[in-house]
Protein chains: 2
Amino acid sequence: MVRRNEQRRAALVDAAIEVLAREGARGLTFRAVDTEAAVPVGTASNYFASRDDLLTQAGARVYERLQPDEATIARQRAAGRDREAYAALMRELVGRVAAFRTGYLALLELRLEATRRPELRKVLTERVRADVDANVAYHEASGLPGDATAVKLLMLTLNWLIVEQLTLPDVFTEAERDHLVTAAVERIVTAE
Amino acid sequence: MVRRNEQRRAALVDAAIEVLAREGARGLTFRAVDTEAAVPVGTASNYFASRDDLLTQAGARVYERLQPDEATIARQRAAGRDREAYAALMRELVGRVAAFRTGYLALLELRLEATRRPELRKVLTERVRADVDANVAYHEASGLPGDATAVKLLMLTLNWLIVEQLTLPDVFTEAERDHLVTAAVERIVTAE
DNA sequence: TTGACACCACTCCATGTGTAGTACTACGTT
DNA sequence: AACGTAGTACTACACATGGAGTGGTGTCAA
């Protein structure tokens, strides 16, 4: 029987994200989720029809949780409008996303898993597209310098910088990473 | 007993790369490698002391195979020295790496696995550092415009673009990807 | 003949799934 | 207040899968 306790379902999905980050996509089993969420064996089985179901819901959830919170947005609105402020913003962004280690790693695992699962690929593609569009729209409304291409290029660059930091942290030092973020903004964001 | 037939060992490592790309890091078992390499069950067991051993060797091998071949390097030497030529080069690079789908995906899987395996992380960190250094050195010797920071920024940007293409190909169209590569070179590579 | 290797067979063990069945709890009814 | 019922939490089990490791036999070449 499919269970309907939404609070418990959410706890299971969050547990799934932790498992994804820690053990990888193939380690994401009903059993592992049960253990992570500290619920009895078999619970996840009761809440999700299939592994695909669980995976897809986890994918959607990670994106929800990666959105910046109200306070962060407010702080951004209060900041300046020049490239200096932009760079500071981006450095903060990299730090914030990288701090959400498990979420970001789970996302990477899901991307790789999407390679094999069309249903998941569909969900992730929509999410990522929406994310790109939202960033461009937000940027345009913010009055910060630079065009849509600059926003996309920055997203590409910073994404890989985060991957680098999370998977092989010793390739670049923290100072180098900060320098790269600053340089990226300086060069990519051209005055219009 | 540890076997020493190097040809067979290489075949097994290459098979491991295919398995990594297709099934993920957790799918990389001795059995799966045996099957992929079409050798009897138990062979990989005889050739590698442990799963860590196999993983580490696979990581090193992927990097060997991702290096451009002689012909590509020669073609690059013959090309022009302006940003236009640079952009064309980068578009070709993205195409070439993305065409090596299994190798690149295997690398991503290994990066994620490196999160959990210090030994593998060490090997990969050295490889990636060497790769960055080699790219910077090659660039400086080539006479192309732009500084070391530009090379690193381009590597970051293009790496994620490739991830995007390989994992969620429908987020950007091919035309958009080409446009992004061109724009990246134009903006990141500043004249000195 | 001896040594290295390919190949095969077998045992042991870990892990996961699905589901039947039991226990608990809340809530509505009388 | 006592009872019944529904939904859920939890447990246990049956079944299946897959992988590791190892001992042994066959084969080939020096």
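Here is how names work: the chains are called A, B, and so on, in the same order as the sequence lines, proteins then strands, and each is numbered from 1.
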N or O in side chain of B/Y47 less than 4.0 angstrom from C/dC5 OP1/OP2: no
A/N5 vs D/dA9: side-chain N/O to OP1/OP2 distance below 4.0 Å: yes
Separation of [X] atom [atom1] from [N] atom [atom2], in whole Å?
| X | N | atom1 | atom2 | value |
| --- | --- | --- | --- | --- |
| B/D34 | D/dT22 | CG | P | 15 Å |
| B/L54 | D/dA20 | CG | C1' | 14 Å |
| A/D53 | C/dG18 | CG | P | 12 Å |
| B/R31 | C/dC13 | CZ | P | 16 Å |
| B/N46 | D/dA20 | CG | P | 12 Å |
| A/F30 | D/dA9 | CZ | C1' | 17 Å |

Determine the contact category for A/V41: base if any of its heavy atoms lies under 4.0 Å from a base atom, sugar-phosphate if only primed atoms, P, OP1 or OP2 are that close, otherwise nothing. base
Does B/E176 have more than 12 heavy atoms from other residues, nucleotides or ligands lying within 6.0 Å of its CD? yes
Residues at least two apart in sequence or cross-chain that pass side chain to side chain contact (heavy atoms under 4.5 Å, CB included) with A/T43, listed by chain then number, are A/R8, A/L12, A/D34, A/V39, A/P40, A/Y47
Would A/L54 and A/V62 show up in the same hydrophobic cluster when neighbours are defined by side-chain heavy atoms closer than 4.5 Å? yes
Let me have the donor-acceptor pairs involving side chains of residues 151-168 of chain B, under 3.5 Å, with sequence neighbours excluded, atom names and distances please.
| unit_1 | atom_1 | unit_2 | atom_2 | d |
| --- | --- | --- | --- | --- |
| B/T157 | OG1 | A/T157 | OG1 | 2.7 |
| B/T157 | OG1 | B/L153 | O | 2.8 |
| B/N159 | OD1 | B/Y104 | OH | 2.7 |
| B/N159 | ND2 | B/M155 | O | 3.1 |
| B/W160 | NE1 | B/E164 | OE1 | 3.1 |
| B/E164 | OE1 | A/R111 | NH2 | 3.4 |
| B/E164 | OE2 | A/R111 | NH1 | 3.0 |
| B/E164 | OE2 | A/R111 | NH2 | 3.1 |
| B/Q165 | OE1 | B/R177 | NE | 3.4 |
| B/T167 | OG1 | A/R111 | NH1 | 2.9 |
| B/T167 | OG1 | B/V163 | O | 2.8 |

Ordered by number, residues from residues 8-29 of chain B within less than 4.0 Å of DNA chain D (heavy atoms) are B/T29
Partners meeting side-chain hydrogen bond (donor to acceptor under 3.5 Å, both in side chains) with [X] (sequence neighbours left out):
| X | value |
| --- | --- |
| B/E6 | none |
| A/R96 | none |
| A/Q76 | A/Y138 |

Base-paired stretches in DNA chain C with three or more consecutive Watson-Crick or G-U pairs, both distances under 3.5 Å, amount to C:1-30 with D:1-30
B/E70: which residues meet the salt bridge (Lys or Arg N to Asp or Glu O under 4.0 Å) condition with it, sequence neighbours left out? none
Could you work out, with salt bridge (Lys or Arg N to Asp or Glu O under 4.0 Å) as the rule, every residue matching A/R101, not counting sequence neighbours? none
